[in-house]
Amino acid sequence: MEEWQTALAWLEQNSLPVSELEDPDILRRALDALCRKLDGTAAAAKTAKRKKAAVNEVFGMAVERGYFTHNPLNGLRWTAPEVADEVDPDCVPNPAQAARLLEAVRELPGRGPHLYGFFGCMYHAAMRPAEVIHLRKAQCRLPATGWGLLNLKGGVVTAGKEWTDDGAVHEVHSLKRRAAKATRPVPIPPVLVRILREHIEQFGVAPDGRLFRNAKGNYIDASAYGITWNRAREAPLTLDEHALELAKRPYDLRHAGISFWLASGVDPAECARRAGQSIQVLFRHYAKFLAETRDHANRLIEDSMRRWESSSEADEGGLTGYWPGMAPEQLVRGGIRVGEIGSNAEFRLAA
């Protein structure tokens, strides 16, 4: 109790009166301070952005409690540090590099073989680490052949004993920015199906069904799988790849998985759904990879235009050809019957 009283006395002595926080100069100095670490060096732009958001919430509550008539931050002229949201392509491994890295994990002594599937989920299914830690056997559809499915239901985060209701270090959360019981089905390729089937056969599962766990059967800690990843990067990467900091963090495997989907021509909306993020976030983070798919998209459009031009020349009396989806129903009005409507149905529009 004495410790708390000392802290509160210090805060009272070193805090400004609330009324002074309406002074723009004081607010600007406060926001500038958020951009610095305790040693005076510049903090990361994302750190400053997160702290400013927290301060904004405090001011919002102060308005609600009647300390201010409006949020003093509204209309304040202050420029925040630019946040680099875009993923750097130099840090993202291509499929061949990712395969080398995953193989290096499997060949490590100790925890390597157990974490081979862990990192495989991050790459082939673009899962967040928290989602992989939470993955249970009941969520996995792993057929003997073909594609499988992971029905993701949440994630495990390290919160600290001081911040959980039961004093546990870890806490189970719902899927990021989703409702409490929301799920996210993610199709997985045969290579990941095989990896997970072999993992279950070799290591079994925890009593609660979790596929991945530490030596004591508890949740895997980020520092632990981070150490394994750093060891795995040492041998398979060239000096140039190390200099580029290729796949420096395990999270770069998720970036690699999403960028591979985009480069393969998968619809960005489907990529965003599988990755569990909004289409706006996908466009912001993976803008450079989306730009690389434009030539492929242009070729598809050009090929389609050539097919329709050939069809028009062959049948000048009308337009006959194949049209995807339900487009005829959207185009034809007035009760005109155009025949069977299907995914590749032939139809005719009268001239």
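We're numbering straight along the sequence, starting at 1. Source: prediction; values computed, not measured.
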Side-chain heavy atoms of Q139 within contact of L150, under 4.5 Å: no
Are side-chain N/O atoms of T41 and D39 paired as donor and acceptor at under 3.5 Å? yes
CZ/R77 to CZ/R28 distance, rounded to the nearest 0.5 angstrom? 8.0 Å
Salt bridge between E201 and R197, side-chain N to carboxylate O under 4.0 Å? no
Measuring from atom OG1 of T6 to atom CG of L11, what distance do you get when rounded to the nearest 0.5 angstrom? 11.0 Å
Derivation and outcome, side chain to side chain contact (heavy atoms under 4.5 Å, CB included), residues N214 and D221: CA-CA 8 Å; N214 64 17; D221 191 70; over 6 Å; no
ILVMFWY clustering at 4.5 Å (side-chain atoms), partners of L239: none
So, taking the atom named CZ in R141 and the one named CG in N151, what distance separates them when rounded to the nearest 0.5 Å? 7.0 Å
For the residue pair H199 and F203, does the interplanar ring angle fall in the parallel (under 30°), tilted (30 to 60°) or perpendicular (over 60°) class? tilted
Looking at every heavy atom in both F59 and P72, which two are closest together, and how far apart are they? CD2-CD, 3.6 Å
With a 4.5 Å heavy-atom cut-off, do W229 and V105 have their side chains touching? yes
Intermediate values then yes/no, side chain to side chain contact (heavy atoms under 4.5 Å, CB included), L101 and L237: CA-CA 8 Å; L101 288 162; L237 299 184; 3.9 Å; yes
Closest heavy-atom contact between L34 and K51? O-CD, 3.8 Å
Is the shortest heavy-atom distance from the side chain of E241 to the side chain of R233 under 4.5 Å? no
Under a 4.5 Å side-chain heavy-atom rule over Ile, Leu, Val, Met, Phe, Trp and Tyr, are L152 and L149 clustered together? no
I need the minimum non-hydrogen distance between A104 and A232, along with the two atoms involved. CB-O, 3.5 Å
Test of understanding: clusters of I, L, V, M, F, W, Y form through side-chain heavy atoms closer than 4.5 Å, transitively. Do L102 and I200 belong to the same one? yes
Answer with yes or no whether the hydrophobic clustering places W261 together with L300; edges join I, L, V, M, F, W, Y residues whose side-chain heavy atoms lie under 4.5 Å apart. no
Member of R249, H255, R254 meeting the side-chain hydrogen bond (donor to acceptor under 3.5 Å, both in side chains) criterion with Y251: R254
Quick one: are L73 and L31 in side-chain contact, heavy atoms under 4.5 Å? yes
Honestly curious: do V205 and F212 fall in one hydrophobic cluster under the side-chain, below-4.5 Å linking rule? yes
Should D303 and R306 count as an ion pair when the cut-off is N to O under 4.0 Å? yes
Side-chain contact, heavy-atom cut-off 4.5 Å: D208 with R136? yes
For R29 and D32, run salt bridge (charged side-chain N to carboxylate O under 4.0 Å, His left out): C-alpha distance rounded to whole Å, both residues' side-chain angles, the deciding distance at 0.1 Å, then the answer. CA-CA 5 Å; R29 291 205 304 273; D32 288 339; over 6 Å; no
To the nearest 0.5 Å, what is the distance between NE2 on H242 and CG on L244? 11.0 Å
Got a list of side-chain donor-acceptor pairs under 3.5 Å for residues 111-129, not counting sequence neighbours?
from, atom 1, to, atom 2, distance (Å)
R111, NH2, R213, O, 2.4
H114, NE2, R213, N, 3.2
H114, NE2, R213, O, 3.2
R128, NH1, E131, OE2, 3.0
R128, NH2, G276, O, 3.0

Single-linkage hydrophobic cluster V191~L135, side-chain heavy atoms < 4.5 angstrom: yes
Between L27 and W78, does a side chain to side chain contact (heavy atoms under 4.5 Å, CB included) hold up when you go through it step by step? CA-CA 9 Å; L27 280 180; W78 180 78; over 6 Å; no
Can you see which heavy atom on K37 is nearest to which on A42, and at what distance? CE-O, 3.7 Å
Pair N56-N71, side-chain donor/acceptor within less than 3.5 Å: yes
Clusters formed by hydrophobic residues whose side-chain heavy atoms approach within less than 4.5 Å: which one holds M305, and what are its other members? I301
Is R100 paired with E103 through a side-chain N to carboxylate O contact shorter than 4.0 Å? no
Is any side-chain heavy atom of P189 less than 4.5 Å from a side-chain heavy atom of R194? no
Under a 4.0 Å N-O cut-off, is there an ion pair linking R299 with E302? no
Report the C-alpha separation of I258 and Q277 in whole Å, then their side-chain angles, then the decisive distance to 0.1 Å, and conclude whether the side chain to side chain contact (heavy atoms under 4.5 Å, CB included) test is met. CA-CA 11 Å; I258 296 173; Q277 56 191 192; 4.0 Å; yes
In terms of heavy-atom contacts, P93 and C91 come closest through CD-O, 3.6 Å
Check: P207 main-chain N/O paired with R210 side-chain donor or acceptor under 3.5 Å: no
Are side-chain heavy atoms of V156 and I220 found at a separation under 4.5 Å? no
Supply the atom-to-atom distance S278 OG to H285 NE2, rounded to the nearest 0.5 angstrom. 8.5 Å
Going by heavy atoms in the side chains, are V87 and D252 under 4.5 Å from each other? no
Working to the nearest 0.5 Å, report the span between CG of L38 and CZ of R36. 13.0 Å
Side-chain donor or acceptor of S264 paired with backbone N/O of F260 under 3.5 Å: yes
Closest non-hydrogen atoms of C35 and A48, given as atom of the first, atom of the second and distance, are SG-CB, 3.8 Å
Mark yes when over 12 heavy atoms from residues, nucleotides or ligands other than Y67 sit less than 6.0 Å from its OH; otherwise mark no. no
